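Inspection log for the structure reproduced underneath, given as structure tokens.
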Amino acid sequence: MKSKSPLNYYYQQELKRQKNTLNLIASENYPSPEVLFYSGSLLMTKYAEGYPKNRYYQGCKYIDRIENLAVDLTKKLFGAEHANVQPHSGTQANQAVYLALLKPGDKILSLNLLSGGHLTHGASVNFSGIFYQVHYYNLDPSTQKLDYEAIRKIAQEARPQLIIAGYSSYSLQIDFAKFRQIADEVGAYLLADIAHVAGLVAAGLFPSPVPYADIITSTTHKTLRGPRGAVILAKKTLGTKIDKAVFPGNQGGPNLAIIAAKAQCFFEALQPEFKEYQKKVLENAKTMADFFHQKGVKVISGGTETHLLVIDTKKSYNLTGREAASILEKAGLVANKQMIPYDSEKP
Ligand SMILES: *Cc1c(COP(=O)(O)O)cnc(C)c1O
């Protein structure tokens, strides 16, 4: 590609960086050439506001088939009743869910940011913390594990309309059946945000929230190994509400290039090799956690049952997360800092 702007140079340098470093960032992944092809394809030019067979633009014959295929493959992959493949990001997927289920000022109960929750689960700087009343549960201070009795108690006191399970930096499995019980006891909706672990869920290596949650949101670019974007799964009864909250509630035109790349990603995730790949991801993460453990490094929550792990760099190396991540980058290992439960440091 000839270009007078510095763009091509920057692109080549980034390519080199990606090839010459070891990426340890749990939210990033390596999509297939096919996923990359579709995500940068001319499908991106098509306006298709609305849903298949019900568009605001002509010329959607094949676009409709692509979106329907993506929806069908998502439903098949997760065994879900309803799927929406249009959200541009995990954040917008969550935004659509809140728009569908809550009124401004309603109460959300979620894991606090320090313990591994996500910005969109109620951080004060995010729309979720601005438009909704947020109550938090915490991890057990000594084990750094979910404490379902403590969550039940907080739910009974707070009486939220929505309970969120699913996190950005929690390394252990989640008991979605227990969350369902708690949600039923207080009459709340249950949202499972599986942005991180969706690939493991699809491979049957992490408990599926599908039988228990009212709504499930997920990004497609983390363990799923697809394009940057998200999907929403829902019980059939909530399908229309969710679709309306995505479009016209929260987005205009969908990005059909990305939707095609999502379809490609789900197709790949349905192949037997995907399960083998996810098994190896899990094995690698466990091996790494065991290694740290043997070296006397503190692994948060005592280990990992997922693709990710969090270590306490302060306790083990007397470094802040920022310092440790910066030293690692100099050695070609790209990781990210993260708050840890009951952190004494700033983000
Ligand atoms: C990554 C993540 C998101 C948001 O994804 P974006 O696509 O970056 O907006 C939402 N929820 C959780 C739990 C995540 O880890």
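What you see is a predicted model, and the numbers here were worked out from it, not measured in a lab. Just follow the structure's listing: the first ligand is 1, and inside any ligand the first atom is 1.
Between the side chain of Glu345 and the backbone N or O of Gly321, no donor-acceptor pair lies under 3.5 Å. At distances below 3.5 Å, not a single donor-acceptor pair connects side-chain atoms of Gln92 with backbone N or O atoms of Val246. The main-chain N or O of Ala177 is never found under 3.5 Å from a side-chain atom of Gln181 such that the two would form a donor-acceptor pair.
Closest to atom 5 (O) of ligand 1, if we only count protein heavy atoms, is Thr219 CG2, 3.4 Å. In this structure, atom 6 (P) of ligand 1 lies nearest to the protein heavy atom Gly90 N, 3.6 Å. The protein non-hydrogen atom at the shortest distance from atom 3 (C) of ligand 1 is His118 NE2, 3.3 Å. Given atom 9 (O) of ligand 1, the protein heavy atom at minimum distance is Thr91 OG1, 2.6 Å. When hydrogens are left out, the protein atom nearest atom 11 (N) of ligand 1 is Asp193 OD2, 2.6 Å; that is the closest non-hydrogen contact.
Within ligand 1, counting atoms from 1 as listed, the ones closer than 4.0 Å to a heavy atom of Ser168 are 12 (C), 13 (C), 14 (C), 15 (O). Interface atoms of ligand 1 facing Lys222, defined by a heavy-atom separation under 4.0 Å, are 1 (C), 2 (C), 3 (C), 14 (C), 15 (O). Heavy-atom contacts of Ser89 reach the following atoms of ligand 1: 7 (O), 9 (O) (cutoff under 4.0 Å). Close approach of ligand 1 to His196 (heavy-atom distance below 4.0 Å) involves ligand atoms 15 (O). Per-residue contacts place Tyr167 under 4.0 angstrom from the following atoms of ligand 1 (heavy atoms of the residue considered): 13 (C).
Residue-ligand proximity: His221 is placed with a non-hydrogen atom under 4.0 Å from ligand 1.
Around the OH atom of Tyr56, the shell of radius 6.0 Å holds no more than 12 heavy atoms that belong to other residues, nucleotides or ligands. Within a 6.0 Å radius of CD in Glu329, no more than 12 heavy atoms belonging to other residues, nucleotides or ligands are found.
Across all their heavy atoms, Ala83 and Thr74 have their closest contact at CB-CB, 3.9 Å.
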Going through the checks in order, is the side chain to side chain donor-acceptor pair (under 3.5 Å) test met by Glu268 and Gln264? CA-CA 6 Å; Glu268 290 171 11; Gln264 175 65 27; 2.7 Å; yes

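Side-chain contact annotation: His118 with Asp193, donor-acceptor N/O pair under 3.5 Å absent.
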